[in-house]
There are 2 protein chains.
Amino acid sequence: MPILSIGALAKATDVKVTTIRFYEQIGLLPEPLRASNDRRVYDERTLSRLAFIKHARQLGFAVDAIRTLLQLSDHPEQSCEQANLLAAEQLAAVDSKIARLEALRGELQRVVSAACQGRVSDCRVIEVLSDHSHCAAEHDAPSALAS
Amino acid sequence: MPILSIGALAKATDVKVTTIRFYEQIGLLPEPLRASNDRRVYDERTLSRLAFIKHARQLGFAVDAIRTLLQLSDHPEQSCEQANLLAAEQLAAVDSKIARLEALRGELQRVVSAACQGRVSDCRVIEVLSDHSHCAAEHDAPSALAS
DNA sequence: GCTTGATCCTCTAGTGACTAGAGGATGCAG
DNA sequence: CTGCATCCTCTAGTCACTAGAGGATCAAGC
């Protein structure tokens, strides 16, 4: 079983060293063995686990959801109902983000196409921003847009 | 000129009281006059300014961009080039977020459609998450997806 | 006048998922 | 042996708020 330093693990997974330590801190990665010089020592199991985490993050899963998914993959005898549910929820969240962003895009296109060459005093961009009633459709706060 | 309490301003703009104080703290809103009992007192100019801020936030503009836009609208004799630029940048950012999210959606749809009824040991959701090579296309980290 | 509940004040700390930096120890190559 | 890379811990910063403590004041109803 080949042995990896934190730097080697970082390079192999394209996850930053500080992020690996962070994942350990919040309990996504187990505390690794330490070499005599106190440095972290990893094996390939941690590499797969980190790859799993990275992939799930890329798909937009929250850390809490990933924690659940990891527990499931650690206990393969369990039902995978929960994993299916999490994936479906994530898909729904992505769908709704896309819908919101598309509404915003429409609004912004109207703003941009109204761009003027003159002074701010007759600038459509500022004017449209000043007056919500110019908007064709309602657009909600982007609070739910964060990934 | 009618006079507004912070609560009335909050109600009129649908922005939370704490958020209004926060905007004052970071300099998006000017420090208001105070009544004898130390309470904030607003006029309609602040109401428009806050409506402007809210609308721009809904469109996904960052606070720094809004600061610039507010400066522009405070000085109508300036060229509106910068406002046009900011709007175009914001549109490009939204476009790229949508593109990323659509790639994620495709991936997630594949994950969800592979949902199984059995045990985790043969669960496609977990398996697909474990192995990036299952992915049809590259999908980047969602770090740039935050609104 | 008294109580009750809403509103207001300041200040601090928490959110999520990292990222950056201080300040120092160790390892390795030339 | 001299750099420079890598590693360690710990703290604080990012963004745009949000929540709560702990208290003062106000308006309405009895």
Side-chain angles (χ1 to χ4, degrees), chain A residues 3-29 31-42 50 52-70 90 93 97 140-147, chain B residues 3-29 31-42 50 52-70 90 93 97 140-147:
Chain A
I3 272 176
L4 295 164
S5 70
I6 194 170
L9 183 61
K11 214 168 272 176
T13 54
D14 199 30
V15 172
K16 290 189 182 147
V17 167
T18 47
T19 305
I20 295 173
R21 284 195 280 249
F22 171 73
Y23 285 160
E24 178 185 330
Q25 198 188 319
I26 64 174
L28 280 194
L29 291 177
E31 290 191 17
L33 296 172
R34 298 288 183 129
S36 57
N37 52 15
D38 208 35
R39 300 194 171 188
R40 289 168 177 84
V41 164
Y42 298 98
L50 184 51
F52 183 104
I53 294 169
K54 191 199 176 191
H55 194 192
R57 285 292 301 136
Q58 285 178 325
L59 290 172
F61 286 89
V63 162
D64 264 2
I66 297 175
R67 225 185 293 271
T68 304
L69 290 170
L70 282 169
Q90 183 58 25
K97 278 179 207 168
D140 280 352
S143 59
L145 290 177
S147 75
Chain B
I3 272 176
L4 295 164
S5 71
I6 195 170
L9 183 62
K11 215 168 272 178
T13 54
D14 199 29
V15 172
K16 291 189 183 146
V17 167
T18 47
T19 305
I20 294 173
R21 286 197 279 250
F22 171 73
Y23 284 161
E24 177 186 331
Q25 197 188 317
I26 63 172
L28 280 193
L29 291 177
E31 290 191 15
L33 295 173
R34 298 289 182 127
S36 57
N37 53 13
D38 208 35
R39 298 191 173 191
R40 290 168 176 83
V41 163
Y42 297 99
L50 184 52
F52 183 104
I53 294 169
K54 191 200 176 189
H55 194 192
R57 284 292 300 136
Q58 285 179 324
L59 289 172
F61 286 89
V63 162
D64 264 2
I66 296 176
R67 226 185 292 271
T68 305
L69 291 170
L70 281 170
Q90 183 58 27
K97 277 178 208 169
D140 280 351
S143 58
L145 290 177
S147 73

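All chains are named by letter (A, B, ...) in the order of the sequence lines, taking the proteins before the strands, and each is independently numbered beginning at 1. Everything numeric here is computed off the predicted structure, so don't read it as measured data.
Going from atom OH of Y42(A) over to atom P of dT6(D) covers 16 Å, rounded to whole Å. Rounded to a whole Å, the NZ atom of K16(A) is 16 Å from the P atom of dT14(D). Atom CD1 of I6(B) is separated from atom P of dC8(C) by 7 Å (rounded to the nearest Å). Rounded to an integer number of Å, the gap from I66(A) CD1 to dG16(C) C1' is 12 Å. Atom CZ of F61(A) is separated from atom P of dA17(C) by 13 Å (rounded to the nearest Å). Straight-line distance from the CG atom of D64(B) to the C1' atom of dC17(D): 15 Å, rounded to whole Å. Nucleotide dC8(C) holds its C1' atom 13 Å from the NZ atom of K11(B), rounded to whole Å. One interatomic measurement links the two molecules: CZ of R67(A) to P of dA17(C), which rounds to 9 Å at whole-angstrom precision.
Atoms CG and CG, on L50(B) and L9(B) in that order, are 5.0 Å from each other to the nearest 0.5 Å. A distance of 11.0 Å separates OH of Y23(A) from NZ of K16(A), quoted to the nearest 0.5 Å.
Nearest heavy-atom pair, I6(A) versus R40(A), reported as atom, atom and distance to 0.1 Å: CD1-CD, 4.0 Å.
If R39(A) and T19(A) are placed on DNA chain C by their nearest nucleotide, the residue sitting closer to the 5' end is T19(A). Residue whose closest nucleotide on DNA chain D sits further toward the 5' end, between V63(B) and S36(B): V63(B). Comparing Q25(B) and S5(B) against DNA chain C, the residue whose closest nucleotide sits nearer the 5' end is S5(B).
In this structure a side-chain-to-backbone donor-acceptor pair under 3.5 Å is present from Q90(B) to G60(B).
For R34(B), the side-chain atoms get nearest to dT10(C) when compared with the rest of dT10(C), dT18(D), dC8(D).
Between N37(A) and dG27(C) there is a side-chain N or O to OP1 or OP2 distance below 4.0 Å. OP1 or OP2 of dT9(D) sits under 4.0 Å from a side-chain N or O of R40(A). Between dA17(C) and Y23(A), no contact under 4.0 Å exists linking OP1 or OP2 to a side-chain N or O.
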Given side chain to side chain contact (heavy atoms under 4.5 Å, CB included), test I53(A) with L29(A) step by step and report yes or no. CA-CA 9 Å; I53(A) 294 169; L29(A) 291 177; 3.8 Å; yes
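You won't find any donor-acceptor pair under 3.5 Å spanning the side chain of R21(B) and the base of dT10(C), going by distance alone.
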